[in-house]
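The figures that follow rest on heavy atoms only: side chains count, while hydrogens, waters and symmetry mates do not. Just so we're on the same page: letters track the sequence lines, and every chain starts at 1.
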2 protein chains.
Amino acid sequence: MSPSPFLPLQDSNPQIKFFKKGTILQNKGEVHLKAFYIKKGLVRSYTIDSKGKQHVFMFAPEEWIIGDIEAYQYEHPTELFIDCLEDTELIKLKIDHLDQDQLNHEQLKKNLRLLGRRVGLLQRRVLMLMSATASERYALFLKDYPLLPNRIPQYMIASYLGITPEVLSKIRSQKT
Amino acid sequence: MSPSPFLPLQDSNPQIKFFKKGTILQNKGEVHLKAFYIKKGLVRSYTIDSKGKQHVFMFAPEEWIIGDIEAYQYEHPTELFIDCLEDTELIKLKIDHLDQDQLNHEQLKKNLRLLGRRVGLLQRRVLMLMSATASERYALFLKDYPLLPNRIPQYMIASYLGITPEVLSKIRSQKT
DNA sequence: TAAACTTCTTAATTTAGATCAATGCATCTC
DNA sequence: GAGATGCATTGATCTAAATTAAGAAGTTTA
């Protein structure tokens with residue numbers, strides 16, 4: 001797993017919430033968005049395209065933050081669903097905690113580093129999607145996230161990589 | 001064009017530099033990275049993959065900032081080349097101006113918004129690369145960047161969209 | 001203005017990966 | 001413990017887009 005992000009703003013009294021596997025935390029079309037800091041468990045965000053197909057945008061295991069920064073920044077309803085892949089403990093954050101006035105200097109700098117890393121991750125993902133073959137994509141995924149494959153169904157990994165589950169299955173069988 | 005970013009840190013005495021079309025501003029493998037604020041002209045970043053093929057990562061016209069945040073954040077040599085597509089006036093920025101200590105509260109908040117928008121742009125790009133057909137990609141590009149097509153050779157637009165110039169040519173001829 | 005590059009277009013061929021379909025296993029659950 | 005549901009595997013097609021190739025315009029340069 002890549003170097004983990006961190007909590008951008010400690011609520012004075014952060015409330016940990018519990019959710020069962022399968023719970024939907026955010027639906028497409030919602031406007032007043034939250035972000036979620038994952039204490040324990042595994043969460044994912046995804047879109048559903050015009051043909052009804054799911055595309056995994058990201059996975060968030062322990063210590064990650066997940067939310068829709070795009071919708072927040074550009075002020076429109078979210079395209080992303082967010083749901084729990086495992087029983088999960090998390091802290092709800094207001095997404096505008098990123099740049100709120102009351103934040104102090106240190107907290108703002110933390111958030112900058114957090115966002116910088118996210119930009120970096122996305123840059124690598126874009127370049128991968130533009131140039132890598134199916135098996136190169138899987139190899140990169142294993143390198144970046146060595147621990148996740150055991151916790152995530154393969155068809156979701158395939159979706160994250162932009163390939164079909166059938167192709168991923170074939171790649172894995174060839175690798176033996 | 002999407003809402004434009006802005007200068008994250010005004011140097012007390014910013015030095016405008018001039019470069020001719022074709023000038024390379026950054027080479028793959030460089031370590032002490034700059035970012036560039038474009039006053040006038042057009043600049044692009046791209047990678048070259050193992051088969052020698054170019055992939056355009058982004059275009060930066062007037063008022064945009066371009067650099068390699070990924071390499072900066074993860075502290076490794078850059079994968080990105082940066083060059084001028086037009087004669088260009090720009091201001092060189094230290095890339096660590098993003099989160100440097102001497103920045104005041106307002107400047108940090110500006111930088112947060114800047115990075116937030118970049119995350120948003122990249123999120124949309126990832127989802128596009130995962131789900132859109134060649135002609136859907138071109139349609140999205142025209143919507144997001146209505147002014148750029150006249151300034152950029154088509155084979156570079158194709159590269160940005162992750163398709164071949166031949167396919168883009170066919171799409172454009174059908175659209176008439 | 002001739003030669004040399006660039007860029008775009010068009011068409012024929014190939015291919016990686018998608019789609020479709022059938023089967024085998026686990027796990028739930030009633 | 002019988003049926004249902006969810007997921008992985010395998011193989012047979014299909015297809016969108018890549019590759020290859022060649023020529024037409026347009027631009028630079030010398």
(request) Answer yes or no on whether A:R151 is positioned over the face of A:F59, meaning its NZ or CZ is under 6.0 Å from the six-membered ring centre and within 45° of the axis. (result) no
(request) Examine C:dT9: is either OP1 or OP2 under 4.0 Å from a nitrogen or oxygen in the side chain of B:Q154? Give yes or no. (result)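 For B:Q154, the contact criterion (side-chain N or O under 4.0 Å from OP1 or OP2 of C:dT9) is met.
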(request) Please list, chain by chain and in numerical order, all residues satisfying side-chain hydrogen bond (donor to acceptor under 3.5 Å, both in side chains) with B:R137, sequence neighbours excluded. (result)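 If we apply the side-chain hydrogen bond (donor to acceptor under 3.5 Å, both in side chains) test to B:R137, skipping adjacent residues, there are no hits.
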(message) Taking side-chain hydrogen bond (donor to acceptor under 3.5 Å, both in side chains) as the definition, give me every residue that meets it alongside A:E166, ordered by chain and number, with sequence neighbours left out.
(response)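 Partners of A:E166 under the side-chain hydrogen bond (donor to acceptor under 3.5 Å, both in side chains) test: none.
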Output the single nucleotide from [options] whose closest atom is nearest the side chain of [X].
X: A:S173; options: C:dT10, D:dA18, D:dT10; value: D:dT10
X: A:K170; options: C:dT9, C:dG17, D:dG11; value: D:dG11
X: A:Y155; options: D:dT10, C:dA11, D:dC7; value: D:dC7

(message) Quick check: closest heavy atoms across A:R44 and A:I66, and the distance to 0.1 Å?
(response)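 A:R44 and A:I66 have their closest heavy atoms at C-CD1, 3.8 Å.
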(request) Compare every heavy atom of A:P149 with every heavy atom of A:L142, then report the nearest pair and how far apart it is. (result)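 Here A:L142 and A:P149 meet closest at CD2-CG, 3.6 Å.
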From [atom1] of [X] over to [atom2] of [N], roughly how many Å is that when rounded to an integer?
X: B:R137; N: D:dA16; atom1: CZ; atom2: P; answer: 14 Å
X: A:R172; N: D:dT10; atom1: CZ; atom2: C1'; answer: 15 Å
X: A:Q174; N: D:dG11; atom1: CD; atom2: C1'; answer: 13 Å
X: A:L85; N: D:dG6; atom1: CG; atom2: P; answer: 15 Å
X: B:N150; N: C:dT7; atom1: CG; atom2: C1'; answer: 16 Å
X: A:L168; N: C:dA18; atom1: CG; atom2: P; answer: 10 Å
X: B:Y138; N: D:dA17; atom1: OH; atom2: P; answer: 16 Å
X: B:K21; N: D:dT29; atom1: NZ; atom2: C1'; answer: 14 Å

(message) Tell me whether the rings of B:Y145 and B:W64 are parallel (<30°), tilted (30 to 60°) or perpendicular (>60°).
(response)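 If you compare the ring of B:Y145 with that of B:W64, the planes turn out tilted.
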(message) Counting the atoms with a prime plus P, OP1 and OP2 as sugar-phosphate, which does B:K53 contact under 4.0 Å by heavy atoms, base, sugar-phosphate, or nothing?
(response)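 Counting heavy atoms under 4.0 Å across all strands, the contact made by B:K53 is with sugar-phosphate only.
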(request) Could you identify which residues of residues 159-166 of chain B place a heavy atom less than 4.0 Å from some atom of DNA chain D, listed by residue number, or say none? (result) B:G162, B:I163, B:T164, B:E166
(request) Would you check if there is a donor-acceptor pair between the side chains of A:Y138 and A:R172 at a distance under 3.5 Å? (result) yes
